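Worksheet for the structure shown next.
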Protein chains: 2
Amino acid sequence: MASHTVENYLKALFALANKAGEVGISDLSDHLAVSKPSVNSMAKALQQDGFLKYEKYKPLKLTSKGKKVAALVVRKHRLTEMFLVEQMGFGWDEVHDIAEQVEHVKAPAFFDRMDELVGFPTVDPHGSPIPDAHGNVLEIDCVKLSECAVGEKVSLVGLSQSSKSLLSFLDSHGIALGHTFGILVVEPFDGSMTVEHQGAEARTFSLKVCERLLVRKEA
Amino acid sequence: MASHTVENYLKALFALANKAGEVGISDLSDHLAVSKPSVNSMAKALQQDGFLKYEKYKPLKLTSKGKKVAALVVRKHRLTEMFLVEQMGFGWDEVHDIAEQVEHVKAPAFFDRMDELVGFPTVDPHGSPIPDAHGNVLEIDCVKLSECAVGEKVSLVGLSQSSKSLLSFLDSHGIALGHTFGILVVEPFDGSMTVEHQGAEARTFSLKVCERLLVRKEA
DNA sequence: GTCAATTGTTAGAATACACTAACAATGTAG
DNA sequence: CTACATTGTTAGTGTATTCTAACAATTGAC
Ligand SMILES: [Mn+2]
Ligand SMILES: [Mn+2]
Ligand SMILES: [Mn+2]
Ligand SMILES: [Mn+2]
């Protein structure tokens, strides 16, 4: 069984690889708040256990074994978040830190039951896809709101990097997954966008916000 | 914050002290399946952190700080068991091992919510008392069934040492907490008892079983 | 292409937790 | 009181995970 620590390394590696492609020692070091020499020696250890391929000065590459372990931890994380929101009444901005711990529980029945109780969801409360029990992840068809053009109609399907402050921001503006937006203005100067929210009020969001909102274009 | 390991040591110490009074290095060693030298050095470390008083060759004594930490872990364990049974549909024989892991999660809100959702219970699914949020435990007024006499009417309020096999045994005989028994015969030879269960069928249980059933005498 | 910033590596050490082998203290039965 | 069993201790190690200090390789800017 992979330790708590190893699971966190693999999960970080998996997430970074999906975002940035190549993952170096420094990326992991930043992401996990662990020194580079620590990451370096852990990389060697993970290689020994067949979780990744490590060559000096080359980017780290998860093996399929490593990817699978990581995906299954992500699965437990996201099922937990879903359960916390749907069954326990937590807000979507409260669940990540709890899930970060619960994801390491070794009790398949526990997560299977969560899965069942929340109706076998395919995405977590922030719109991120939940890997299946074999560790396969369904990619979601979406683009950043910031990449959309005036006149398009889109609906919010997820967030890239959902920090607590982003979630609070969205909450305070009454924005939730599934909401629709019509793009009214794209400001060339700073990339801010004015959009109509749920067919009603027009709002303006900074580029920083628009880059974090993942949307699907409506027919 | 006490580590996973430290929490398990304190919890074991607390449980053994409540059962046997004096707790030696060997008791802990057996209970935790850890070598005696390991327990010995951990005892010194726990003393350093003020969790217990350790003197060479003397029994280990939890400080009030140690007792409180232990009780709060027990609280999380038992709330979790209750939640697993009441809200997630697990059987009382399935929850201990899961709770053994979940009890180490550091997220007060998580357990507070469980507490709320199961209606602020005072006992866990096996009848053991749940310490309050300050670490105070309410002792339950009960005796072993084996200590009762012919003619007495009692109800099952808890179990001493609820192992999985005991729970399965009780399940297979349709016995649950709250059920009532009338004592018909106490066999002097082997201490086995014949009792009437829920005012109906008469059953005979070995001493081994009767010693594990904690009952309250009915008025 | 050279230089400097970035990135990665090595060496050496610390902490937490565990183990075995050997020995010492304690307690108990006769 | 002695002998043996039980219990506890010490010493020495090992693994997992982390760190800092120092140095080396890579890369990107000019
Ligand atoms: Mn999360
Ligand atoms: Mn985690
Ligand atoms: Mn339990
Ligand atoms: Mn535990």
Side-chain angles (χ1 to χ4, degrees), chain A residues 1-13 16-17 19-62 65-66 69-70 73 100-101 103-106, chain B residues 1-13 16-17 19-62 65-66 69-70 73 100-101 103-106:
Chain A
M1 276 292 115
S3 70
H4 185 122
T5 308
V6 165
E7 287 189 342
N8 282 337
Y9 270 92
L10 295 178
K11 193 160 66 93
L13 222 16
L16 291 171
K19 178 140 30 87
E22 308 245 295
V23 184
I25 299 277
S26 292
D27 299 320
L28 263 184
S29 172
D30 291 346
H31 199 79
L32 295 170
V34 150
S35 73
K36 287 185 286 192
S38 296
V39 174
N40 187 276
S41 61
M42 180 59 90
K44 291 171 182 170
L46 292 176
Q47 145 128 287
Q48 281 308 307
D49 291 338
F51 290 124
L52 55 76
K53 191 151 62 70
Y54 165 78
E55 289 177 90
K56 271 192 186 182
Y57 302 107
K58 295 267 179 64
L60 302 171
K61 280 201 185 331
L62 281 176
K65 174 182 172 185
V69 171
V73 175
E100 199 57 53
Q101 296 179 66
E103 68 188 359
H104 304 292
V105 168
K106 267 74 172 183
Chain B
M1 275 295 113
S3 70
H4 185 123
T5 309
V6 164
E7 287 188 343
N8 281 337
Y9 270 92
L10 294 177
K11 193 159 66 90
L13 222 14
L16 290 171
K19 179 141 28 89
E22 308 246 295
V23 184
I25 299 277
S26 293
D27 298 320
L28 263 185
S29 171
D30 291 346
H31 199 77
L32 295 170
V34 151
S35 73
K36 286 186 287 192
S38 296
V39 174
N40 187 275
S41 61
M42 180 58 90
K44 291 171 182 170
L46 293 177
Q47 146 127 289
Q48 280 307 307
D49 291 339
F51 291 123
L52 54 77
K53 191 152 59 73
Y54 165 77
E55 290 177 89
K56 272 194 186 184
Y57 302 109
K58 296 267 180 63
L60 303 172
K61 282 202 182 331
L62 281 176
K65 174 182 172 184
V69 171
V73 175
E100 199 56 53
Q101 296 179 66
E103 69 188 357
H104 304 291
V105 168
K106 267 74 171 182

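Scope of the values below: all heavy atoms of this structure, side chains included, with no hydrogens, waters or symmetry mates. Just so we're clear, the structure is a prediction, and the values are computed from it rather than from any experiment. Chain letters run A, B, ... following the sequence lines, proteins first and then strands; every chain starts at 1.
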Report task. Starting from C1' on D/dA16, measure out to CD on A/Q48 and report it in whole angstrom. Result -> 14 Å

Query raised in the report: Rounded to whole angstrom units, what separation is found between the CG atom of B/L28 and the P atom of D/dT7?
Result: 13 Å

Within the sub-3.5 Å range, which N or O atoms of nucleotides 14-20 of chain C have a protein N or O partner, and how far apart are they?
| residue | atom | partner | partner atom | Å |
| --- | --- | --- | --- | --- |
| C/dC17 | OP1 | B/S3 | OG | 2.6 |
| C/dA18 | OP2 | B/Y9 | OH | 3.1 |
| C/dC19 | OP2 | B/S35 | N | 2.8 |
| C/dC19 | OP2 | B/S35 | OG | 2.9 |
| C/dC19 | OP2 | B/S38 | OG | 2.7 |

Requested in this report: Answer whether the closest heavy-atom distance between the side chains of B/Y9 and B/L32 falls below 4.5 Å.
Outcome: yes

**Report entry** Integer-rounded Å distance: C/dG27 P and B/Y57 OH
**Finding:** 11 Å

Query raised in the report: Side chain of B/K65, backbone of B/D49: donor and acceptor closer than 3.5 Å?
Result: yes

Query - Whole-Å gap separating C1' (C/dT7) and CG (A/D27) - result: 10 Å

Requested in this report: Measure from NZ on A/K58 to C1' on D/dT26 and round the result to the nearest Å.
Outcome: 12 Å

Requested in this report: Using a heavy-atom cut-off of under 4.0 Å over every strand shown, decide if B/K44 touches base, sugar-phosphate, or nothing.
Outcome: sugar-phosphate

Query raised in the report: Under 4.0 Å: is that the gap between some side-chain N or O of A/N40 and OP1 or OP2 of C/dG8?
Result: no

**Report entry** Short side-chain N/O contact from B/S26 to OP1 or OP2 of D/dG8, under 4.0 Å
**Finding:** yes

Query raised in the report: B/I25 CD1 to D/dT6 P: how many Å, rounded?
Result: 18 Å

Query raised in the report: What is the distance from CG of A/L46 to P of D/dA16, rounded to the nearest Å?
Result: 11 Å

Query raised in the report: Under the side chain to side chain donor-acceptor pair (under 3.5 Å) rule, what pairs show up with a residue in residues 21-37 of chain A, not counting sequence neighbours?
Result: A/S35-A/S38

